[in-house]
Amino acid sequence: MTIKVVKTDGDVEGRNSQSWAYSQQVKKHFFHPENLVEDAALFDESKYNGASVVGSPACGDMMKMWIKVENDRIVDCKWQTFGCASAIASTSMLSVMATENGGMKVEGALALKPQDILDRLGGLPPRKVHCSVLGDKALRKALNEYFRRSEQYDRIVVSGSIMIDPHTRITDSDIEAAVLEGADTFDKLQKKLKVGIGNKEAAAKAEALMKKYIEKYYD
Amino acid sequence: MQTAYKSHTKTLFFCCEILFAILSISYFKHNTFLYMSTVSTETSKLLRAHKKQNIYLDHAATTPMNPAVKTAMDPYFCEKFGNPSAFYEVGLQAQDALEESRGDVAKILDCNPREIIFCGSGTESDNLAVLGVARAYGKGHIITSAIEHHAVLDPVLELENEGFEVTVLPVNKDGLVEAQVLKKAIRKDTILVSIMYSNNEIGTVQPIADLSKVCRDKGVLFHTDACQAGCYLDLNVKNLGVDLMTLNGSKIYGPKGVGCLYIRSGVKIKPITWGGGQERGLRSGTHNVPGIVGFAKALTLAQKNREKESKRLEKLRDKLIHGLENGIPKCFLNGDAQNRLPNNVNMTVLDIEGEAVILFLNELGVYASTGSACTSASLDPSHVITALGLPYEAAHGSIRFTLGHSTTSEDIDFVLKIMPKITEILRRISPLNLEAKKIQQGQCKLHV
């Protein structure tokens, strides 16, 4: 997973009094989120055939997503997000991308990358990129849930074989890829994957695994 | 006649409202008319209801410079620009200004001018105190607290890498270091204790005189970072009983890029930078004369107005704290309510994330900050909030308002008017529903 950072016109720290920390698209989706579950009390989950929860409040990002798949297309996608402006805007943008033009095909949705969301948002400041990586995870997890409910077990996609952090759905292969992409300290790994934030057990597992891969590839 | 006018306006207002709702719904392509009040329309309503203000409530980050300070600095840029180390007239002019400033600062601190070292920032001053004392001793044990600024915490941890032993003292749930806890932590080989006077995030004021007494009784040096205290607290080093004390310009309506370290005569300390040997060899580098002049002027003005301004801000602070506590469900104060800087309000608002609140406030022209991970470069939420025994969730939802000279009662009214609405909007987006009681007890169980 390589994330190309799109430069925006101002970083969070470097902005002047008139500027906004994010792109106009981020601002639009933050203040005017689309496909949001507007009223949780009135929300009828039974209309949806896939759902997911990713992240955790301790991490500072958490997302709930519901999807409706018809004829192998995502015809509806609703969500709620706890997180910063870029997390909220990324989820909103993702829901638009998933449902526009008659709905995204399931195969296309499974292939969706954080970079695709970033591009449509007009980029995020470099250190906020991690806020956009939860959305595609939530979507994939919801699709897996749809596959389970519709008994299409062969279509369930889990990358890697050992779940390291159930909140962020980080597996051993995610950590391997991050090490290969240059994560040589736990800080860098955490920045890349958001693994084990607020979950000491997952953090310890991830760090041990990272060291194993560093040894394997670099020592 | 008046009634007719009123009902007419009412109808007109109602029509506008409906028209506006329809327009915004169609504009943002909402699928159905069932959602008359979407987050999107609520946000538009909020943002359109208020003119953009210019309410700066981040004085703990930095203060605007007092125009009188700028006037005092002005001659030292282009006219009296000399190097104070030089023996000719322009140099001596600068030297006079430098020594006059040193004298002014010494007077406020009630110390000898020779005990004042000017440097480049509060951070540099903290680093000089911690690293300088440690290296003068060469080995030993250092004590600091869990809520220190990184300017103290990080050099202390660096010293740990270099072989020094370190104890990081916990604070109680109100954010205070207890003298008894410090007393127990001091060992035979303890060389330095560094505990901040008042905290930059939660504004708690430590019992410095009590803490320094514990150290003095045991023959251990005591340093305090007083950067946030300059405008509001007593800086008399004899009353405080400190051996080293850090101050800087950027938090006291003075210039940025200048700080000072009080070093009591007789304290063993080594420089951390080497060169021209300025400041008794402890801080080499050509003096920032305008900065130092500005710093001394700012400190003098801040201390002159200290009591009056503290009283004024305390009232506004308490109005803001009580207003937020009463106006927003699941919202609580971080840090002790009494032993607190007069200008600091730090609240946790559960179920929402601080950065999102900051951006809403920004859009309405209110400037504040948060302890959320999302605004820190490290991805870690505030170590100060978590040191209070609160879980990460509480840090992510923490909002800091720090008041100052420009703050009026109307500003507080405005914040109190918009904060409940912002919270309501962001809580509608959030799937969380945390239990305030459990969070305050430090239990971080997930409830969704």
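Fair warning: this is a prediction, and the values are worked out from it, not measured in the lab.
- Looking at V37(A) and I429(B), their side chains never come closer than 4.5 Å, going by heavy atoms from C-beta outward.
- In this structure, no portion of N54(B) lies under 4.5 Å from any heavy atom of chain A.
- The choice from I352(B), V357(B), I425(B) that makes the most heavy-atom pairs within less than 4.5 Å of chain A is I352(B).
- Under the 4.5 Å side-chain criterion, counting only non-hydrogen atoms from C-beta, F82(A) is not in contact with D351(B).
- Looking at L426(B), only its side chain comes within 4.5 Å of chain A, counting heavy atoms on both sides.
- For the pair S44(B)/H32(A), a side-chain contact is recorded, criterion being any heavy-atom separation below 4.5 Å from C-beta on.
- Atom NZ of K256(B) is surrounded by more than 12 heavy atoms from other residues, nucleotides or ligands within 6.0 Å.
- Contact detail for G83(A) and A356(B): the closest heavy-atom pair is O-CB, 3.9 Å.
- The two atoms that bring F31(A) and L359(B) nearest to each other are CZ-O, 4.1 Å, heavy atoms only.
- Summarising the local packing, CD of E201(A) is surrounded by 12 or fewer heavy atoms from other residues, nucleotides or ligands at distances under 6.0 Å.
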Problem set entry | Test side chain to side chain contact (heavy atoms under 4.5 Å, CB included) applied to Q80(A) and R428(B), step by step | CA-CA 8 Å; Q80(A) 281 189 306; R428(B) 278 182 67 176; over 6 Å; no
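- For the pair P57(A) and E393(B), the tightest heavy-atom approach, listed with the atom from each and the gap, is CB-CG, 3.5 Å.
- Judged purely by atom type and a 3.5 angstrom limit, E355(B) uses its side chain to pair as donor or acceptor with the backbone of A85(A).
- In this structure, NE2 in H29(A) is found 11.0 Å from OG in S40(B), a value given to the nearest 0.5 Å.
- Side-chain atoms of E38(A) come within 3.5 Å of backbone atoms of V39(B) as a donor-acceptor pair (strictly under, hydrogens ignored).
- Within a 6.0 Å radius of CG in D72(A), more than 12 heavy atoms belonging to other residues, nucleotides or ligands are found.
- Contacts of L47(B) with chain A are made by side-chain atoms alone, with heavy-atom separations under 4.5 Å and no backbone atom involved.
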